[in-house]
Amino acid sequence: MDTSNPAVFVNAELLRLYVGRRVRALIQVVRTEGGTVIGKSTDENQLVVKGSPPFPLTKFVEVIGIADGEKSIHADIWNNFGETIDTTTYNQLCQLANGDFKHLFI
């Protein structure tokens with residue numbers, strides 16, 4: 001595993017802490033507008049993801065890229081996660097990865 005450029009697990013609330021850094025987030029795709037995907041983060045807030053998404057996208061997509069704004073990611077990796085996923089657990093993972101257990105994730 002390449003650990004030279006880690007991506008921090010984030011939800012929409014945490015994204016603002018990492019502007020300019022590499023992040024990963026899970027979104028529920030709400031709509032697409034060209035190369036932009038509007039999605040709902042695991043904390044129920046909206047995120048805008050720019051880049052070149054693969055098509056077709058599944059309902060849930062993990063994106064990895066640079067946080068280029070407080071609610072925006074420029075993704076270079078898109079991973080389809082299927083039509084159902086436990087977003088509550090993924091959101092808890094984001095909280096753990098940015099809390100007391102941060103050292104285990106970065």
Side-chain angles (χ1 to χ4, degrees):
M1 178 191 320
D2 179 13
T3 58
S4 63
N5 193 13
V8 181
F9 284 92
V10 297
N11 56 26
E13 179 185 347
L14 294 165
L15 185 64
R16 64 183 170 76
L17 302 175
Y18 297 99
V19 173
R21 294 193 45 207
R22 191 163 177 79
V23 296
R24 70 173 58 220
L26 179 71
I27 62 166
Q28 179 180 345
V29 175
V30 174
R31 68 182 184 279
T32 60
E33 299 172 359
T36 301
V37 174
I38 310 301
K40 185 169 63 169
S41 176
T42 57
D43 61 357
E44 302 293 320
N45 292 306
Q46 181 175 297
L47 283 178
V48 176
V49 184
K50 302 172 226 166
S52 300
F55 287 101
L57 289 173
T58 58
K59 183 175 181 178
F60 292 95
V61 178
E62 181 188 53
V63 295
I64 302 171
I66 304 298
D68 62 354
E70 291 189 3
K71 298 292 182 188
S72 176
I73 299 170
H74 189 274
D76 54 3
I77 299 173
W78 302 73
N79 297 312
N80 280 325
F81 266 40
E83 300 304 315
T84 60
I85 191 167
D86 184 349
T87 56
T88 301
T89 300
Y90 194 98
N91 197 57
Q92 290 172 337
L93 173 65
C94 293
Q95 298 298 326
L96 288 172
N98 287 277
D100 292 341
F101 299 100
K102 187 176 188 173
H103 64 282
L104 297 174
F105 293 90
I106 298 180

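The chain is numbered in sequence order, starting from 1. Everything quoted here is computed from the prediction, not taken from an experiment. Hydrogens, waters and symmetry mates play no part in the numbers below; they use all other heavy atoms, side chains included.
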Side chain to side chain contact (heavy atoms under 4.5 Å, CB included) assessment of F81 paired with L26:
CA-CA 9 Å; F81 266 40; L26 179 71; 3.7 Å; yes
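Between N5 atom CG and R21 atom CZ the span is 10.0 Å, to the nearest 0.5 Å. Put simply, OG1 on T36 and CZ on R31 are 10.0 Å apart, with the number rounded to the nearest 0.5 Å.
For the side chain to side chain contact (heavy atoms under 4.5 Å, CB included) with Y18, the qualifying choice from V8, I66, I73 is V8, the only one to do so.
Among residues two or more places apart in sequence or in another chain, the side-chain contact (heavy atoms from CB on, under 4.5 Å) test is passed with D86 by T88, T89. Checked against side-chain contact (heavy atoms from CB on, under 4.5 Å), P54 has the following partners two or more places apart in sequence or in another chain: L57, W78.
The two residues Q28 and F60 have their closest heavy-atom pair at CB-CE2, 3.6 Å. Contact record, K71 with Q46: CD-O, 3.8 Å, taken as the closest heavy-atom pair. Contact detail for P53 and G35: the closest heavy-atom pair is CD-O, 4.1 Å. Nearest heavy atoms, A67 versus L15: CB-CD1, 3.4 Å. When every heavy atom of T58 is checked against every heavy atom of V29, the shortest pair comes out as O-CG2, 3.6 Å. Listed here is the closest heavy atom pair of I64 and A7: CG2-CB, 3.8 Å.
In this structure, a donor-acceptor pair under 3.5 Å is absent between the side chains of N45 and S41. Checking D43 against N91 by side-chain atom types alone, no donor-acceptor pair falls below 3.5 Å. Residues K50 and S72 bring a donor and an acceptor atom of their side chains to less than 3.5 Å of each other.
Judged by distance alone, with hydrogens and angles left aside, the side-chain atoms of N11 form a donor-acceptor pair with the main-chain N or O of E13 at under 3.5 Å.
Side-chain contact check for K40 versus T87: every heavy-atom pair is 4.5 Å or farther apart. Looking at E62 and Y90, their side chains come closer than 4.5 Å, going by heavy atoms from C-beta outward. Annotation: side chain of D76 is in contact with side chain of R22 (closest heavy-atom distance under 4.5 Å). Residues L14 and F9 have side chains not in contact (no heavy-atom distance under 4.5 Å, counting atoms from C-beta outward). Residues I27 and V49 meet the side-chain proximity criterion, which asks for heavy atoms closer than 4.5 Å.
Apart from V48 itself, the hydrophobic cluster it occupies contains I38, where clustering links Ile, Leu, Val, Met, Phe, Trp and Tyr at side-chain heavy-atom distances under 4.5 Å.
Connection of V23 to I77 is not established within any shared hydrophobic cluster, with ILVMFWY side chains joined at heavy-atom distances below 4.5 Å, either directly or through further cluster members.
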